[in-house]
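Below, read A as the first sequence line, B as the second, and so on, with proteins coming before strands; counting in each chain starts at 1.
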Amino acid sequence: MKIGGVPLFPQQADTGAAGVDMVALVVCAICGLLALGVLVAVVYFLIRYRAGSDVNRDNPPEGHLPLELSWVGGAVVLSLVMFIFGARAYYDLRVAPTDSFEIEVVGRQWMWKIRHPSGRREINTLHVPLGTKIKLKMISRDVIHSFYLPEFRTKHDVLPGRYTDLWIEPKKLGRFTLACSEYCGTDHSRMKGEVVVVTPEEYESWQALSPLTSVQRGERLYLKMACDSCHEYQDGQVVSGAPLLDGIYGSTVGLEAGGSTKVDDDYLRRSILRPKAQVVAGFQPIMPTYEGRLSEEELLDLIAYIRSRSGSTVDDGGKK
Amino acid sequence: MKTHLLVWLSLMLLLGLTVVAWQYHLGFLMALAIAVTKAALVIAFFMHLRKESPLTKFVAGAVLFWLLILFGFTLADYFSRLGF
Amino acid sequence: MKDYLYEDVSLKSWLLTTDHKRIGILFLLTITFFFIIGGVAATLMRMELATAPGDLVSADVYNRLFTLHGTVMVWLFLIPSIPATLGNFLLPLMIGAKDLAFPRLNLLSWYVFLFGGLLTLWSIIIGGVDTGWTFYTPYSTTYTNSHVIMMAAGIFIVGFSSIFSGLNFIVTVHSLRAPEMTWTRLPLFVWTLYATSLIMVLATPILSVTLVLIAAERLFGVGIFDPALGGDPLLFQHLFWFYSHPAVYIMILPGMGVISEILPCFARRPIFGYKFIAGSSLAIAVFGFLVWGHHMFAAGQSLYAGLVFSFLSFLVAVPSGIKVFSWTATLYKGSIRFDTPMLYALGFMGLFTIGGLTGLFLATLAVDVHLTDTFFVVAHFHFIMVGGMLMAYLGGLHFWWPKMTGKLYPETLGRISAVLIFLGFNGTFLPQFILGYLGMPRRYYAYPEQFEFLNVISSAGAVLLALGYALPLAYFTWSLIKGRPAGADPWNAAGLEWKVSSPPPHHNFETIPVVEQPYRYPRPGHE
Ligand SMILES: [Cu+2]
Ligand SMILES: [Cu+2]
């Protein structure tokens with residue numbers, strides 16, 4: 001919506017955007033009515049009871065319990081209404097559907113690096129197919145950033161050391177804003193880009209222009225870093241006392257220190273970077289640390305590869 | 001004076017227990033329990049809370065509760081993030 | 001019998017004074033100085049933002065400006081503003097005491113504040129800090145090369161001033177009330193000071209600890225917040241907002257107290273719902289501690305934590321609603337005069353209501369995801385902090401200026417300033433709500449062309465606002481020399497502070513004052 005070339009309302013580029021705007025409208029209506037009520041009452045009283053006016057001022061009330069209690073009750077009820085609307089939409093916004101496909105985002109000062117399932121990469125631009133549920137799996141190389149898509153009405157902080165996610169379902173072709181909304185240093189305001197929504201066919205042919213998929217890159221890396229020197233069976237024998245990585249994704253593993261944990265992306269990331277922090281039950285802590293030897297992109301490749309060995313192609317939180 | 005000495009001795013005892021608990025892997029909760037006992041002894045005797053007015057006791061309790069809010073809500077975030 | 005100002009005029013007597021009134025004046029001068037510094041930074045920022053490209057200053061300078069503005073305004077102006085000046089001056093007078101419970105601690109509080117404040121300024125002079133007032137990790141601990149430690153040290157020290165004042169106020173209210181000053185007769189301003197002090201004493205230590213942890217990580221590489229060192233950045237946010245959300249109430253509660261004093265006086269009738277207003281202050285102090293996670297809905301906090309914090313955030317809005325309701329009802333059957341303090345109070349009601357209601361947008365989970373870290377948030381908290389607190393502070397200053405100095409200020413200029421500030425404020429911050437919903441992130445030094453028009457309006461409003469602030473500064477100073485004598489009670493007001501001469505004598509009360517019901521308007525025997 002624009003008036004005289006000045007935009008006053010952002011476009012709705014996501015299927016969820018109308019829902020968020022709807023909630024905002026509900027809150028706006030409730031708050032608007034409350035504000036109007038206060039305004040009308042105050043102005044009326046100010047005029048009617050201005051000093052010197054000839055009106056009845058006998059026994060001004062110093063309190064009125066039923067009135068006060070009903071005001072409190074009313075406020076609580078209205079709050080609940082707003083809370084419920086907001087919470088339902090939030091749940092939809094935060095919980096990605098399991099059938100979404102995954103694009104990886106690595107944030108760093110001050111650019112966004114994006115990698116598609118086919119392995120095609122881009123910087124500060126995100127190509128997405130129309131009408132498809134897309135999950136963005138995000139991590140930062142340095143400080144906290146925030147992946148903000150105003151026309152999609154969604155954002156989420158991109159943290160170092162841990163994967164966070166965001167999901168979208170574009171419903172409009174065109175170019176939209178991508179911005180960093182968590183302050184991250186000097187060029188925070190330049191850390192922005194574009195979301196380009198194209199038709200699924202265009203996206204497919206665009207994606208296809210790629211040398212290697214993440215899984216393929218991950219496999220190469222796996223061999224190059226000699227992970228298989230420990231993590232592989234030879235002639236039905238464990239070679240150097242390391243657990244087999246087939247089929248672990250989504251399962252629960254016991255830990256040497258007691259307790260157990262679920263194998264998801266964050267766990268895999270930790271196991272590679274700092275293996276000694278969570279040693280698998282029954283094994284010796286002999287795996288070397290890879291901290292500082294792998295970039296975030298390489299880690300994502302390795303994880304994609306390990307996942308593929310469990311037959312899982314997307315990060316579905318290990319639900320399978 | 002005598003109570004102070006006794007309290008001091010029991011604190012030392014608890015200190016020893018902490019070491020033992022660590023050596024025998026009695027776990028995080030055990031260590032925490034011992035630490036809380038130690039803190040309680042210090043507050044009750046060395047800081048004289050035992051002999052203070054009910055108001056002071058109430059304030060001490062309220063502050064403890066308030067600290068639990070900080071820890072409780074923060075940990076609630078962590079645990080629910082881990083999917084417990 | 002000389003008044004507290006002229007009893008001894010030597011510089012030494014001021015610097016070593018333990019008189020709560022003089023210490024209040026010392027704080028007044030100090031925070032005015034800091035306000036001007038923070039205001040200059042704000043002016044430069046609005047000038048930069050008047051055009052879309054970053055052209056006036058460099059990005060690094062802009063980042064230092066908003067850090068300076070936030071830090072100075074929050075810790076060196078807003079937090080001490082009403083409690084340390086008006087609160088210090090009025091609390092003993094209002095409860096019929098000769099001074100605060102610990103007069104020397106009070107003086108120490110000022111010295112500590114001054115020292116911490118100057119240290120903070122020093123960190124700016126030697127090159128500034130570029131983390132924002134929120135010091136988010138790991139940027140503040142690992143990545144920035146600005147003077148974080150120095151500034152953190154300054155704020156750490158200033159924190160002790162808060163704790164000292166809070167402690168002093170609590171003990172004073174408990175132990176030094178005049179014999180007939182029961183809890184239900186306490187002026188509502190005292191109630192809010194009491195609630196504020198509770199927050200100061202409980203919350204500030206957490207901020208101090210957090211700042212120490214930042215220093216530990218930055219200096220010694222102790223892994224607490226930086227994941228590269230094994231820490232967790234969200235832990236910082238939990239700790240920081242555990243202090244900083246309640247700190248919002250440190251900043252607004254005393255303002256609510258001031259309004260509760262001004263409204264009955266100029267509506268010439270008792271306040272409506274005394275017990276509800278007093279109780280809601282305490283409720284805010286307590287519930288204010290349960291909602292900090294609403295700053296982290298899009299930060300990586302768990303879904304469930306988000307739901308709980310959102311729910312509680314809605315509930316904490318209810319006590320504020322009670323106050324607005326009671327103030328409105330206080331106008332009913334009044335005999336309303338429109339003197340300067342009243343204009344400020346009415347301005348407060350309007351702006352605070354908008355500020356509070358827009359807060360509900362941010363408490364609503366799905367909407368907050370879109371709006372957090374945008375200009376909507378900037379507009380929202382300026383409505384509370386500036387539209388609310390600063391309006392109340394100026395209203396209170398105009399209300400009690402005759403008491404503090406014994407002089408009257410020019411009434412017409414006073415009214416003009418109130419109107420100017422109200423208009424300028426709305427001009428500055430209303431457009432920012434739209435900018436936020438359009439998706440302009442905060443802390444942007446250059447922004448897309450399409451946002452320029454609204455930003456120009458905002459900057460133009462800021463000019464008006466600056467004029468509005470300059471006016472009281474000028475006529476208050478003028479009134480010290482040329483102002484007409486005020487007399488003990490120029491407003492014909494209730495409350496013990498108006499029973500003593502203006503300016504009050506050194507020890508406030510010669511005899512134990514007689515306490516009546518609070519807010520006995522119209523004044524018996526006068527009207
Ligand atoms: Cu950024
Ligand atoms: Cu808050």
Indicate the atoms forming the closest heavy-atom contact of A:Asp142 with C:Tyr143, along with that distance. CA-OH, 3.2 Å
Student check: side-chain heavy atoms of A:Ser181 and C:Met440 closer than 4.5 Å: no
So, for C:Leu357 and A:Leu34, which heavy atoms are closest and what is the spacing to 0.1 Å? CD2-CD1, 4.0 Å
Using a 4.5 angstrom heavy-atom cutoff, name the option from C:Ala299, C:Pro270, C:Pro138 with the most pairs to chain A. C:Ala299
Chain C contact via A:Arg48 - which portion, at a heavy-atom distance below 4.5 Å: neither
State the CG-CG distance between C:Leu315 and A:Leu80, to the nearest 0.5 angstrom. 7.0 Å
Contact between A:Phe45 and C:Thr328 at the side-chain level, heavy atoms closer than 4.5 Å - yes or no? yes
Would you check, one step at a time, whether the test side chain to side chain contact (heavy atoms under 4.5 Å, CB included) holds for C:Tyr139 with A:Ile144? CA-CA 7 Å; C:Tyr139 185 69; A:Ile144 302 178; over 6 Å; no
d(C:Ser302 OG, A:Arg94 CZ) to nearest 0.5 Å is 10.5 Å
Under 4.5 Å from any heavy atom of chain A, what part of C:Thr144 do you find: side chain, backbone, both or neither? neither
Can you establish whether the number of heavy atoms outside A:Arg57 located under 6.0 Å from its atom CZ is more than 12? yes
What residue in C:Tyr519, C:Phe66, C:Tyr447 has the most heavy-atom pairs under 4.5 Å with chain A? C:Phe66
Relative to chain A, which segment of C:Met349 carries a heavy atom at a distance below 4.5 Å: side chain, backbone, both, or neither? side chain
Is any side-chain heavy atom of A:Leu46 closer than 4.5 Å to a side-chain heavy atom of C:Leu346? yes
Proximal component of A:Val23, with respect to chain C [non-hydrogen, under 4.5 Å]: both
What is the minimum heavy-atom distance between C:Phe272 and A:His64, and which atoms define it? CZ-N, 3.8 Å
Given C:Gly273, C:Ala267, C:Ala59, C:Gly230, the one with more heavy-atom pairs under 4.5 angstrom with chain A than any other is C:Gly273
Looking only at side-chain N and O atoms, does A:Asp157 offer a donor or acceptor that is under 3.5 Å from a partner on C:Tyr136? no
Option in C:Asp130, C:Ile434, C:Thr353 with maximal non-hydrogen atom pairs under 4.5 Å from chain A: C:Asp130
Of the listed A:Arg50, A:Glu151, A:Arg274, A:Glu68, the one with the largest count of heavy-atom pairs under 4.5 Å with chain C is A:Glu68
Can you tell which part of C:Leu371 gets under 4.5 Å to a heavy atom of chain A, answering side chain, backbone, both or neither? backbone
Side chain A:Lys155, main chain C:Thr372, donor-acceptor under 3.5 Å: yes
Is it true that, when you exclude A:Phe85 itself, more than 12 heavy atoms of the residues, nucleotides or ligands shown sit nearer than 6.0 Å to its CZ? no
I need the C:Leu360 CG to A:Cys28 SG distance, nearest 0.5 Å. 11.5 Å
Measure distances from C:Gln237 to the heavy atoms of chain A and classify the residue's part below 4.5 Å as side chain, backbone, both or neither. side chain
Under 4.5 Å from any heavy atom of chain A - which part of C:Tyr274: backbone
Say whether, by atom type as modelled, one donor and one acceptor occur between the side chain of C:Arg443 and the main chain of A:Gly185 under 3.5 angstrom. no
Spatial distance of atom CG (C:Leu454) from atom CG (A:Leu8) [nearest 0.5 Å]: 6.5 Å
Applying side chain to side chain contact (heavy atoms under 4.5 Å, CB included), run through C:Phe276 and A:Leu69 and close with a yes or a no. CA-CA 10 Å; C:Phe276 270 74; A:Leu69 287 180; 4.0 Å; yes
List the steps, then state whether side chain to side chain contact (heavy atoms under 4.5 Å, CB included) holds for A:Tyr49 with C:Leu331. CA-CA 7 Å; A:Tyr49 296 109; C:Leu331 299 174; over 6 Å; no
For residues A:Tyr183 and C:Asn63, is any side-chain donor paired with an opposing acceptor at under 3.5 Å? yes
Could you check which of C:Ala298, C:Ser58, C:Pro233, C:Ala228 has the highest count of heavy-atom pairs closer than 4.5 Å to chain A? C:Ala298
Between A:Ala51 and C:Ser335, what is the shortest heavy-atom contact and its length? CA-OG, 3.5 Å
Could you check whether any side-chain heavy atom of A:Arg190 comes within less than 4.5 Å of a side-chain heavy atom of C:Tyr445, counting everything from C-beta outward? yes
So, do C:Val369 and A:Tyr90 sit near enough that their side-chain heavy atoms are less than 4.5 Å apart? yes
Using a 4.5 Å cut-off on heavy atoms from C-beta on, say whether the side chain of C:Pro441 contacts that of A:Cys180. no
A:Glu298: what forms a side chain to side chain donor-acceptor pair (under 3.5 Å) with it, not counting sequence neighbours? none
One should read off an interatomic distance between C:Ser313 OG and A:Met82 CE, to the nearest 0.5 angstrom, of 12.0 Å
Report yes if the side chains of A:Asn56 and C:Lys333 come closer than 4.5 Å at any heavy-atom pair, otherwise no. yes
Intermediate values then yes/no, side chain to side chain donor-acceptor pair (under 3.5 Å), A:Tyr148 and C:His370: CA-CA 8 Å; A:Tyr148 181 29; C:His370 174 44; 3.1 Å; yes
Side chain from CB out, backbone as N, CA, C, O: work out which of these in A:Arg88 comes under 4.5 Å of a heavy atom of chain C, or both, or neither. neither
Most contacts with chain C, counted as non-hydrogen pairs under 4.5 angstrom, among A:Pro160, A:Pro61, A:Cys184, A:Ala35: A:Pro61
Check whether C:Tyr332 gets within reach of chain A through its side chain, its backbone, both or neither, counting any heavy atom under 4.5 Å. both
Taking A:Arg162 for its side chain and C:Gly300 for its backbone only, find out whether a donor-acceptor pair lies under 3.5 Å. yes
In terms of relative ring orientation, are C:Phe325 and A:Trp71 parallel, tilted or perpendicular, with 30° and 60° separating the classes? parallel
Spacing of OH belonging to C:Tyr62 relative to OG1 belonging to A:Thr186, to within rounding of 0.5 Å: 14.0 Å
